[in-house]
Amino acid sequence: MLTGKQKRFLRSKAHHLNPIFQVGKGGVNENMVKQIDEVLEARELIKVSILQNCEDDRDTVAEQLSRGAKADLVQVIGNTIVLYKESRENKQLVLPR
């Protein structure tokens with residue numbers, strides 16, 4: 001679990017990122033979760049945007065993605081989800097204690 005301080009740090013790092021994935025009409029599927037997991041291994045911190053035509057609500061989508069990719073949910077703001085997962089191979093972010 002992330003502390004408040006760590007979440008603040010990650011939010012500041014995520015601020016300038018652009019969403020890499022979009023969740024649309026089809027909602028969250030296995031393939032998307034797998035891809036997100038792979039990208040998280042490479043980047044550790046990503047944004048996912050939820051399109052207007054998505055049938056699930058944003059909290060449901062955030063929950064499905066974070067649980068599926070075993071990632072920490074940093075923030076849901078507007079229609080954007082910020083996810084973090086510590087990388088095993090190429091660690092880039094050092095979280096504050």
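Everything numeric here is computed off the predicted structure, so don't read it as measured data.
Heavy-atom minimum distance, A14 versus L45: N-CD2, 3.6 Å. G78 approaches R58 most closely through the heavy-atom pair O-NH1, 2.6 Å. Contact record, Q6 with L2: OE1-CA, 3.4 Å, taken as the closest heavy-atom pair. Heavy-atom minimum distance, A62 versus V76: CB-CG2, 3.7 Å. Scanning both residues, A69 and L40, for their nearest heavy atoms gives CB-CD1, 4.1 Å. Heavy atoms only, all atoms of each residue included: E89 and E41 are closest at N-OE2, 3.0 Å.
Screening L65, N79, L51 against V23 for a side chain to side chain contact (heavy atoms under 4.5 Å, CB included) leaves a single residue, L65.
Rounded to the nearest 0.5 angstrom, K5 NZ and L95 CG are separated by 11.0 Å. Here NZ of K47 is found 8.5 Å from NE2 of H16. Values are rounded to the nearest 0.5 Å. Between atom CG of residue N29 and atom CD of residue Q64 there is a gap of 10.0 Å, rounded to the nearest 0.5 Å.
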(message) Using the rule given for side chain to side chain contact (heavy atoms under 4.5 Å, CB included), can you reason through R43 versus I20, listing the C-alpha separation, both sets of side-chain angles and the distance that settles it, and then say yes or no?
(response) CA-CA 11 Å; R43 297 185 182 207; I20 302 176; 3.2 Å; yes
(request) Could you check I36 against I46 for side chain to side chain contact (heavy atoms under 4.5 Å, CB included), going step by step and ending with a plain yes or no? (result) CA-CA 9 Å; I36 286 176; I46 63 166; 3.8 Å; yes
(request) Test side chain to side chain contact (heavy atoms under 4.5 Å, CB included) on C54 and V61 and set out the steps. (result) CA-CA 9 Å; C54 183; V61 171; 4.0 Å; yes
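In the hydrophobic clustering of ILVMFWY residues, with side-chain heavy atoms under 4.5 Å counting as a link, V39 and I50 come out together.
The existence of a salt bridge linking K34 and E30 is excluded, since no basic side-chain nitrogen approaches an acidic carboxylate oxygen closer than 4.0 Å. E44 and K85 are not joined by a salt bridge, as no carboxylate oxygen comes within less than 4.0 angstrom of a charged side-chain nitrogen.
A heavy-atom distance below 4.5 Å is not found between the side chains of I81 and V74. L83 is listed as a side-chain neighbour of L73, based on a closest heavy-atom distance under 4.5 Å.
The environment of NZ in K91 is crowded: more than 12 heavy-atom neighbours from other residues, nucleotides or ligands sit within 6.0 Å. Within 6.0 Å of atom CG in L17, more than 12 heavy atoms from other residues, nucleotides or ligands are found, so the atom counts as buried in its surroundings.
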